[in-house]
2 protein chains.
Amino acid sequence: MIFKQAPEPTIGRLAIYLRALRTILDSGVSTVSSADIEKITGINSGQVRKDLSYFGEFGRPGRGYSVEPLVNKLAGILGLHEKQKVMIVGAGNLGTALVGYTGFSNSDFELAAIYDNNFNKIGRSLWHLEILDIENMPSINREMNVNVGIITTPGTAAQYAADKMFESGVKVIMNFAPARINVPENVTVRNVDLTQELQILCYYMPKEEIVEIK
Amino acid sequence: MIFKQAPEPTIGRLAIYLRALRTILDSGVSTVSSADIEKITGINSGQVRKDLSYFGEFGRPGRGYSVEPLVNKLAGILGLHEKQKVMIVGAGNLGTALVGYTGFSNSDFELAAIYDNNFNKIGRSLWHLEILDIENMPSINREMNVNVGIITTPGTAAQYAADKMFESGVKVIMNFAPARINVPENVTVRNVDLTQELQILCYYMPKEEIVEIK
DNA sequence: TAGATTGTTAATCGATTAACAATC
DNA sequence: TAGATTGTTAATCGATTAACAATC
């Protein structure tokens, strides 16, 4: 059977459902309805059903969804059935932080390597990892087979970091550098631009300050 | 004159235009067309004009836009005319990194304070800042007047951190903790969920590996 | 004036929400 | 069977793109 391709916002919500359902699973509940999922995530129950329908029929009318099979289905759809190995390029402040960031060393991801181009950093150890030479990435990754990359270099170095990643077989990239990256057809990049996020927030800051008169 | 409220994606693009135009300004070019902006940002020239039109008429038909006035207009719209002070709550790995992150200490933002609730951390210094006690935030911020907050606590502490921020007069919040936050009417929150971003990326990773036969 | 480029309207596209027949 | 809840279709909503009259 062929399904219409799911829109990107749907994929984002799938990740949200997965987190919620894993919590539910841990709490021992075995069945949920789309209305229950709405209660936890705030996402409209119709939207929940619609999102799931892009990938199959996982529920039973009148009953709802069995939690454990649904968790497995969602993990499978997102490609998280096996723990994904991750590499970081750029051992600056942000890169260093992400190595220690527990949010990434959770069940789905495992930080496998960190690279830099600075000879003062290469060879040093960072937590449990040694900082590797970016020039050796292609040969090292022939063994390691990391598919997920994170770029935390300055903007000027981002394209070079990305090129090395393509050369090494990395398939998807999360880019923290404030620079657009040109990518081949078969590679996906997501830009996370923290400065831009802050700027957007500032727009929503109420501009008029009501001066209180005592 | 009243303008129709701009959609959220427009605000995000405004930030992109601003960055591009600042670069252009530095390079000494004084006029740009929407087609020029498309060339740099990849955003459709019609879209550029439409986005700007939510806020006024900044260009001249046949000529284009004067760069410097447009930069100032955009900065003004986003609320960036003055440098915005920022506080971080949560002096863990991510919080520590962001203190040193040069992306934030650029022209638009200034990191003014970092808070934690852990007595082993409070009083220690982090780069140029001293880690402050979250309990003292409301009184400290009466002097400091920070309006922009970043939450880098564990998920369980996020709501408490947010509550302290509301109490202290913070108006907009960027939340890195994997937890939804309940906010009063007049406060805006943006969630940045790095794990979710990675999960979305994994979905776009080609699943079938073509085995090469020698 | 002729050429260029704006601001805006109308057409298109896509995503969300509402509603309901099917079914457990 | 009656009540609950799915999967899906149709209606709505909103954002993007195309096109062009206005104008520098």
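Owing to the predicted nature of the structure, the values given are computational and were not obtained by experimental measurement. When reading the values below, keep in mind they use all heavy atoms of this one structure, side chains included, and skip hydrogens, waters and symmetry mates. The chains referred to below are lettered A, B, ... by the order of the sequence lines, with proteins before strands, and numbering in each begins at 1.
Note: CD (A:E38) to C1' (C:dT17) measures 11 Å, nearest angstrom. Whole-Å rounding puts the A:K50 NZ to D:dC13 C1' distance at 14 Å. Per the geometry, NZ belonging to B:K39 stands 13 Å off C1' belonging to C:dT5, to the nearest Å. Atom C1' of nucleotide D:dC24 and atom CD of B:E57 are separated by 13 Å, given to the nearest angstrom. One atom, CD of B:Q47, and another, P of C:dT8, lie 15 Å apart when rounded to the nearest Å. Note: OH (B:Y54) to P (C:dT8) measures 12 Å, nearest angstrom. We find that CG of B:L70 is positioned 16 Å from P of C:dT5, with the value rounded to whole Å. Here the C1' atom of nucleotide C:dT6 and the CZ atom of B:F55 are 18 Å apart, to the nearest Å.
In this model, the phosphate group of D:dT6 is approached by a side-chain N or O of A:S34 to a distance below 4.0 Å at OP1 or OP2. Using a 4.0 Å cut-off, some side-chain N or O of B:Y65 falls inside it from OP1 or OP2 of C:dG7. Put simply, B:S53 has no side-chain N or O that comes within less than 4.0 Å of OP1 or OP2 on C:dT6.
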Go through B:V86 and B:E110 one step at a time and tell me if the side-chain contact (heavy atoms from CB on, under 4.5 Å) criterion holds. CA-CA 6 Å; B:V86 177; B:E110 180 200 335; over 6 Å; no
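Mapping A:P61 and A:G46 onto DNA chain C by nearest heavy atom places A:G46 closer to the 5' end of the strand. Heavy-atom distances to DNA chain C give each of A:R13 and B:G59 a nearest nucleotide, and the one nearer the 5′ end belongs to B:G59.
Nucleic acid contact class of A:S45 (heavy atoms, under 4.0 Å, all strands): none. Within the nucleic acid shown, B:R63 comes within 4.0 Å of sugar-phosphate atoms alone, with no base atom in reach, counting heavy atoms only. B:R60 comes within contact range of the sugar-phosphate backbone alone, with a heavy-atom separation under 4.0 Å but no base atom that close.
The residue from A:I16, A:I24, A:V32, A:L21 that alone fulfils the side-chain contact (heavy atoms from CB on, under 4.5 Å) condition with A:I40 is A:I24.
With a 3.5 Å ceiling on both atom-pair distances, the Watson-Crick or G-U wobble partner of D:dA22 is C:dT5. For C:dA10, the paired base is D:dT17 (Watson-Crick or G-U wobble, both distances below 3.5 Å).
Closest to the side chain of B:R49, out of D:dG7, C:dG7, D:dA18, is C:dG7.
Across all their heavy atoms, B:T10 and B:F55 have their closest contact at CG2-CE1, 4.3 Å.
Ion pair A:E8/A:R190 flagged as a salt bridge, since at least one NZ, NE, NH1 or NH2 atom sits closer than 4.0 Å to an Asp/Glu carboxylate oxygen.
Side-chain contact check for A:L70 versus A:Y17: every heavy-atom pair is 4.5 Å or farther apart.
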